[in-house]
Amino acid sequence: DDVALKLRGPVGSRVGVTVSRGGEIKDFIITREPITVTSVRSYIGKGNIGVIRIKSFSGTTVQLVKEKVEELKKKGVKEIVFDLRSNPGGLLPGGVETAGLFLEANKPVVFVVSNKGVVDSQET
């Protein structure tokens, strides 16, 4: 965490970094740039099956999934599998909106439950 805090700064500004590798010390000057984390990726697996990997749900997930589905269809994929392994969740609306792409409209897709019962439900 300390290193990350020291590396953060205004885009375009520069920071010096000293790295010790294999007993050798090297100095680098790094220009800060925005980091883009890709939460949705796709590829064609065995049997011409499209795979859409969702690492986490965010406000952009639904749009990214739409794009990946279209890309896979253009490549001739007829079936798609969603890989959610190691997906810790993320923003609830992102997951609900993504589910809404494939499920019947106005149907419950998520229930939030406390020890006193259902607190909330989200529909497609």
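In this text the structure is predicted, and so the values were computed from the model without any measurement.
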(request) Verify the cluster assignment for L64 and L92: are they in a single hydrophobic cluster under the rule of side-chain heavy atoms below 4.5 Å apart? (result) no

(request) Output the distance between atom OG1 (T31) and atom CD1 (I29), rounded to the nearest 0.5 Å. (result) 8.5 Å

(message) By the definition side chain to side chain contact (heavy atoms under 4.5 Å, CB included), identify the one residue from V96, L101, V109, T98 that meets it with T124.
(response) V109

(request) Could you tell me which non-hydrogen atom of G94 sits nearest to which non-hydrogen atom of T61, and how far apart they are? (result) O-CB, 4.5 Å

(request) Give the minimum heavy-atom separation between S58 and L91, together with the two atoms involved. (result) CA-CD1, 4.0 Å

(request) To the nearest 0.5 Å, tell me how far I54 CD1 sits from I52 CD1. (result) 7.0 Å

(request) For a side chain to side chain contact (heavy atoms under 4.5 Å, CB included) with S42, tell me which candidate from R53, K75, K68 qualifies. (result) K68

(request) Compute whether any side-chain donor of one residue and acceptor of the other, for Q122 and D120, lie under 3.5 angstrom apart. (result) yes

(message) Looking at V51, is its backbone amide N or carbonyl O close enough to the side chain of D83 to form a donor-acceptor pair, meaning the two atoms are under 3.5 Å apart?
(response) no

(message) For residues V3 and V17: do they belong to one hydrophobic cluster (side chain heavy atoms under 4.5 Å, members Ile, Leu, Val, Met, Phe, Trp, Tyr)?
(response) yes

(request) Give, for atom OG1 of T60 and atom CD of E97, the distance between the pair rounded to the nearest 0.5 Å. (result) 10.5 Å

(request) Could you grab the distance from atom CG of N48 to atom CG of L72, nearest 0.5 Å is fine? (result) 9.5 Å

(message) Please determine whether residues V81 and V77 belong to a single hydrophobic cluster, defined as Ile, Leu, Val, Met, Phe, Trp and Tyr linked transitively by side-chain heavy-atom distances below 4.5 Å.
(response) no

(request) Consider only side-chain heavy atoms of I, L, V, M, F, W and Y, link residues closer than 4.5 Å, and tell whether L84 and L103 are in one cluster. (result) no

(request) List the steps and the verdict of side chain to side chain contact (heavy atoms under 4.5 Å, CB included) for V15 and R32. (result) CA-CA 7 Å; V15 63; R32 293 178 173 107; 3.4 Å; yes

(message) Run V65 and F57 through side chain to side chain contact (heavy atoms under 4.5 Å, CB included) and show every step you take.
(response) CA-CA 10 Å; V65 168; F57 291 99; over 6 Å; no

(request) Output, in order, the C-alpha distance, side-chain angles, deciding distance and verdict of side chain to side chain contact (heavy atoms under 4.5 Å, CB included) for V69 and F102. (result) CA-CA 11 Å; V69 167; F102 308 99; 4.1 Å; yes

(request) Treating Ile, Leu, Val, Met, Phe, Trp and Tyr as nodes and any side-chain heavy-atom pair under 4.5 angstrom as an edge, say whether L7 and V19 lie in one connected cluster. (result) yes

